[in-house]
Structure formats: C-alpha cells, structure tokens
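Worksheet: one structure, shown below.
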Amino acid sequence: MSETPLIAVAVVGVAAILPDAPTATKFWENVKTGQYSISDVDPARWDPELYFDPDPRAPDKSYTKIGGWVREWEWDPASWRLPLPPRVADEMDNVQKWALSCARAALLDYGWPQRPIDTERTAVIVGNAMGGEKQARTSLRVSFPEFIRELDQSRRFKSLPVEAQDAIIAEAQDAMRSHYPVITEDTMPGELANIVAGRVANVLNLRGPNFVCDAACASALAAVSAGVEGLVNGQFDAVLAGGAD
C-alpha cells in the first residue's frame with residue numbers, strides 16, 4: 001500500500017464557457033436536460049464553400065462542417081473595470097478572452113472581491129494545445145508576398161500587360177487587407193498561446209507562478225494536476241487552473 005499522505009485540496013470556485021453554455025451553471029443544466037450542442041459551422045468562423053468536401057480523401061478540405069461552437073458568451077472588460085486598454089483587448093484572440101472571462105467568473109464564484117485572496121500567492125495555470133485562430137489569420141496577411149511571388153512565376157500572369165499585373169496585385173492586396181487583421185505592436189502578445197496564463201495573471205494582478213502547459217487533448221487535466229501539485233507542495237496557496245482552447 002502507498003504511504004503517501006492524502007492532503008485535501010478545496011475547489012472554491014468554478015466557471016466555464018462552452019457551446020450553448022456561457023456559464024458553468026448553464027452547462028450543468030444542459031447536461032441534465034440532454035442539450036444537443038452540435039450544429040453547422042457559422043461561415044464567419046470558416047466558410048464551408050471554401051473548405052468543405054464530403055470526400056474524406058479530398059486534399060486540404062474538411063469532410064464535415066458540424067461541431068460544437070462557442071457563440072454566446074460575456075465579454076465586457078470596461079464594465080468589469082479590468083485594466084485592459086480597448087486597443088489591447090481588440091488584439092486579443094478569443095482564447096485569451098475566454099480564459100480571462102472564465103478566470104474572473106471563477107473568482108466571483110469564490111466570492112471575490114468581497115472575499116479576498118492573497119494575490120502574491122495565487123498562481124495561474126492554463127492548458128492550451130493549439131493556440132487560437134487569430135494567429136492563422138495574421139499569418140495569411142503576412143504571407144501575401146509569397147502569393148505574389150507565385151503569381152510572378154506564372155507564365156500566363158507574365159503574359160498580361162504590366163498595368164494589368166499591377167492592378168490585379170493591388171486589388172488582391174486590398175481584398176486581403178480588408179479580410180485579415182491589421183498587425184500592430186499588440187498583435188503578437190494577443191495571439192500567442194504561451195501568453196494566455198500571463199494575460200490572466202497580469203490583468204487580475206495575480207503574482208504567483210503563471211504558465212501554459214500543453215498535453216494535447218489532456219492539457220486542461222495537466223493544468224489541474226500541476227495546480228494540485230503546487231498547492232500540496234506549498235508553492236502557492238491558491239490557483240486558477242483549467243483549459244482554454
């Protein structure tokens with residue numbers, strides 16, 4: 001038998017943002033009532049006309065267009081009085097917003113701010129395996145010169161008058177810029193996966209350890225496991241732990 005002593009860890013607040021469930025309470029209601037939350041993708045998320053093909057062997061396509069999609073959720077940092085400039089908030093990927101919103105909701109569920117926490121001894125550990133979606137869109141904008149290079153190497157494109165070539169490139173560039181976000185000094189910290197936990201810690205003024213862990217589909221469980229281990233070992237007194245992906 002194991003001689004390892006059992007040390008109790010209390011869960012004092014919970015929160016969730018999931019498909020058809022912007023709160024943990026709503027998610028539990030959905031579980032009890034058997035809510036079915038799988039539906040067709042919103043073309044604003046990704047356009048089935050571009051990416052769907054029923055043939056599983058079709059290259060660079062998805063053979064399904066259904067999934068569980070987060071649609072309705074609360075995000076109002078101004079009314080929450082979070083120290084987050086609007087320009088910075090606009091550059092944040094939804095993964096960061098979800099993590100921050102959930103972290104705040106979990107603290108509220110605990111009773112914060114009326115029930116205080118020791119900010120010096122509170123950690124933030126977030127499981128995330130794939131970052132968010134904003135980085136992919138930024139990369140498309142950055143990669144536009146490579147598309148131009150491929151056009152320049154096309155014999156048919158080269159056969160066009162120079163004025164026509166310039167016009168096509170200008171029109172394509174304007175279209176790309178209108179569809180994909182402008183890159184600013186806040187772009188990279190707003191979309192990197194390894195910034196998620198730091199963003200939560202910074203905005204909520206939590207000065208214990210903060211980091212992101214990646215264990216693929218077990219990332220959230222890994223975050224909770226690391227949080228429990230840190231509590232048991234006395235590395236911190238409280239921890240916000242979970243997954244955002």
Side-chain angles (χ1 to χ4, degrees), residues 15-24 26 41-48 50-51 67-108 112-113 119 124-147 170-207 210-212 214 219-220 223 240 242-245:
I17 296 174
L18 296 162
D20 290 343
T23 66
K26 177 58 176 172
V41 63
D42 183 345
R45 183 81 174 260
W46 58 265
D47 190 349
L50 296 177
Y51 300 111
W69 314 104
V70 172
R71 291 190 173 94
E72 297 180 2
W73 53 287
E74 188 177 10
W75 174 250
D76 193 358
S79 70
W80 297 342
R81 298 185 177 181
L82 298 181
L84 195 63
R87 186 171 64 181
V88 173
D90 289 343
E91 294 297 326
M92 288 170 55
D93 190 281
N94 277 347
V95 165
Q96 290 191 17
K97 293 178 181 178
W98 291 336
L100 186 51
S101 179
C102 270
R104 174 183 175 273
L107 288 174
L108 292 174
W112 173 88
T119 56
V124 180
I125 306 175
V126 179
N128 180 283
M130 297 180 68
E133 297 179 344
K134 191 172 183 294
Q135 189 171 15
R137 297 180 64 80
T138 301
S139 297
L140 282 172
R141 183 181 180 114
V142 172
S143 300
F144 185 76
E146 297 188 32
F147 295 113
E171 289 177 7
Q173 190 167 47
D174 288 344
M176 288 285 289
R177 287 175 173 171
S178 68
H179 283 94
Y180 300 108
V182 175
I183 298 170
T184 73
E185 65 272 16
D186 297 308
T187 296
M188 184 173 289
E191 63 190 25
L192 289 179
N194 55 19
I195 298 293
V196 180
R199 181 78 76 182
V200 173
N202 175 263
V203 173
L204 297 179
N205 193 32
L206 304 176
R207 295 188 288 276
N210 71 78
F211 58 89
V212 172
D214 181 354
S219 295
L240 285 164
D245 211 15

When rounded to the nearest 0.5 angstrom, what is the spacing between CG in Leu82 and OG in Ser101? 9.0 Å

For residues Pro83 and Pro85, report the shortest heavy-atom separation together with the two atoms involved. O-CD, 3.9 Å

Looking only at heavy atoms, which two atoms of Ala105 and Ala15 are closest? And how far apart? CB-CB, 3.6 Å

Heavy atoms of other groups near Met176 CE, more than 12 under 6.0 Å: yes

Would a distance-only check, ignoring hydrogens and angles, find a side-chain to backbone donor-acceptor pair under 3.5 Å from Asn128 to Ala244? yes

Roughly how far, to the nearest 0.5 Å, is the CE atom of Met130 from the CG atom of Asp245? 7.0 Å

Tightest non-hydrogen contact, residues Asp93 and Gln135, listed as OD2-N, 4.3 Å

Evaluate Leu100 against Leu204 for side-chain contact (heavy atoms from CB on, under 4.5 Å), listing each step before the verdict. CA-CA 8 Å; Leu100 186 51; Leu204 297 179; 4.0 Å; yes

Minimum side-chain heavy-atom gap Lys134-Val95 below 4.5 Å: no

Nearest 0.5 Å please: distance from the CZ atom of Arg81 over to the OG atom of Ser79. 9.5 Å

Does the side chain of Val41 come within less than 4.5 Å of Pro48's, by heavy atoms? yes

Okay, side chain of Gln96, backbone of Pro189: is any donor-acceptor separation there less than 3.5 Å? yes

Under the salt bridge (charged side-chain N to carboxylate O under 4.0 Å, His left out) test, which residues partner Arg45, sequence neighbours left out? Glu133

So, Thr23 side chain and Lys26 main chain: donor-acceptor pair closer than 3.5 Å or not? yes

Here the gap from Trp80 atom CH2 to Leu108 atom CG, rounded to the nearest 0.5 Å, amounts to 9.0 Å

If you take all heavy atoms of Ile17 and Pro22, which pair is closest and at what distance? CG1-O, 3.8 Å

For the CZ atom of Arg199 and the CG atom of Asn194, what is their distance to the nearest 0.5 Å? 11.5 Å

Going by side-chain contact (heavy atoms from CB on, under 4.5 Å), name the residues that satisfy it together with Ser219, two or more places apart in sequence or in a different chain. Ala129, Asp214, Ala215

Got a second to check how far Ile183's CD1 is from Met188's CE, nearest 0.5 Å? 9.0 Å

By salt bridge (charged side-chain N to carboxylate O under 4.0 Å, His left out), Glu72 pairs with (sequence neighbours left out) none

Partners of Asn94 by side-chain contact (heavy atoms from CB on, under 4.5 Å), sequence neighbours excluded? Trp73, Lys97, Trp98

Can you see which heavy atom on Gly242 is nearest to which on Ala223, and at what distance? O-CB, 3.4 Å

Looking at every non-hydrogen atom in both residues, tell me the closest pair between Ala89 and Trp75 and how far apart they are. CB-CZ2, 4.4 Å

Does the side-chain contact (heavy atoms from CB on, under 4.5 Å) test come out yes or no for Leu84 and Met92, once each step is laid out? CA-CA 11 Å; Leu84 195 63; Met92 288 170 55; 3.7 Å; yes

Residue set satisfying salt bridge (charged side-chain N to carboxylate O under 4.0 Å, His left out) with Arg141, at least two apart, ordered chain then number -> none

How would you list, by chain and number, every residue that makes a salt bridge (charged side-chain N to carboxylate O under 4.0 Å, His left out) with Glu74, sequence neighbours excluded? none

